[in-house]
Amino acid sequence: MSVGDFTALNDAGLNLQAVFDLDELPAEMVAELRRRFAPAHRYRQLILIGHGGRSLWEAVKASGMRSENPIDDFSVRKVEQWFGKQFPDRAREIIYPGNMPADLQALGRIAGWHHASPFMLGINADWGTWFAYRVVLLTATDLEPSRPLQSESPCARCADRICISSCPAGAMDGGSFALDKCIGYRRQASSRCKATCVARVSCPVGSSHRYGDEQMQHAYSISLREIERHS
Ligand code: SF4
Ligand code: SF4
């Protein structure tokens with residue numbers, strides 16, 4: 001069993017990594033993975049790779065990458081390069097981005113990255129909500145499995161819950177998240193959430209990692225476009 005060298009990923013802004021033994025993941029999740037990915041019996045581990053903060057966005061911009069999904073394409077390329085150098089003779093299969101059956105947030109919970117915030121994004125004490133899942137791969141590696149981040153949800157100790165009162169749609173006023181209110185508001189011509197989430201930005205946890213305007217614009221204009229496409 002070896003300790004992974006994730007330096008190249010960290011340098012590319014893919015600075016969150018979690019290694020799981022497949023045998024230690026929930027049985028239903030593993031059964032689905034094995035059903036969907038025929039050669040999955042070759043694989044012993046699943047590696048979850050994410051980013052926290054702004055460094056990935058800066059790396060994508062510096063790469064000059066122009067494509068419809070520049071962050072996904074950059075992330076996959078960097079992970080392929082990293083894996084090929086580290087484990088040239090080991091099998092691997094990238095299952096996310098793509099049609100992955102495993103629930104990313106479920107993996108995030110097991111890794112200790114994800115606690116549910118009132119507006120349904122994951123939150124943790126280190127990064128606030130300023131992190132995301134980028135690549136998942138099945139691997140025939142024998143890396144030392146990661147220990148989960150041990151932290152309770154920052155929301156459990158948050159008295160102000162300013163995210164709830166700052167949402168201009170009142171999407172959390174009823175005690176749970178009303179997606180229809182959020183979407184309805186975002187689609188309005190005068191919406192303040194066309195290229196951001198006011199509630200998310202108001203949360204003080206991990207605010208030093210908050211994405212810059214350009215990254216927010218990129219992420220939220222994509223999600224608004226998807227909303228319009230399906231409406
Ligand atoms: S403002 Fe408080 S309740 Fe809202 S996401 Fe941040 S920590 Fe959680
Ligand atoms: S995007 Fe806007 S409307 Fe939706 S939860 Fe965030 S603040 Fe509320």
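Order of appearance sets the numbers: ligands from 1, and atoms from 1 within every ligand. Scope of the values below: all heavy atoms of this structure, side chains included, with no hydrogens, waters or symmetry mates.
Ranking the protein heavy atoms by distance from atom 8 (Fe) of ligand 1 puts Cys155 SG, 2.4 Å first. For atom 5 (S) of ligand 1, the closest heavy atom belonging to the protein is Phe119 CE2, 3.6 Å. For atom 4 (Fe) of ligand 2, the closest heavy atom belonging to the protein is Cys182 SG, 2.4 Å. Among protein heavy atoms, atom 6 (Fe) of ligand 1 sits closest to Cys203 SG, 2.4 Å. In this structure, the protein non-hydrogen atom closest to atom 2 (Fe) of ligand 1 is Cys158 SG, 2.3 Å.
Of all the atoms in ligand 1, the ones that sit under 4.0 Å from a non-hydrogen atom of Cys163 are 1 (S), 3 (S), 4 (Fe), 5 (S). Atoms of ligand 2 found under 4.0 Å from any heavy atom of Ala199 (numbered from 1 in listed order, with element): 7 (S). For ligand 1, the atoms sitting less than 4.0 Å from at least one non-hydrogen atom of Val205 are 7 (S), numbered in the order shown with element in parentheses. Atoms of ligand 2 found under 4.0 Å from any heavy atom of Pro168, numbered from 1 in the order shown, are 7 (S). Ligand-side atoms of ligand 2 in range of Ala169: 3 (S), range being under 4.0 angstrom from any heavy atom.
Note: Trp82 and Phe87 have perpendicular aromatic rings, judged against thresholds of 30 and 60 degrees for the angle between ring planes. Using bins of under 30°, 30° to 60° and over 60° for the plane-to-plane angle, the ring pair His218/Trp57 lands in the tilted bin.
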(message) Please evaluate residues Lys61 and Glu214 with respect to the criterion salt bridge (charged side-chain N to carboxylate O under 4.0 Å, His left out), reporting the C-alpha separation (whole Å), side-chain torsions for both, the decisive distance (0.1 Å), and the verdict.
(response) CA-CA 11 Å; Lys61 278 201 310 181; Glu214 202 180 14; 2.9 Å; yes
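Closest heavy-atom contact between Phe74 and Ala12: CE2-O, 3.6 Å.
Side-chain polar atoms of Thr129 and Arg200 form a donor-acceptor pair below 3.5 angstrom.
Among the backbone and side-chain atoms of Cys193, an N, O or S atom lies under 2.8 Å from atom 2 (Fe) of ligand 2. Distance check for Cys167 against atom 4 (Fe) of ligand 2: none of its N/O/S atoms falls below 2.8 Å.
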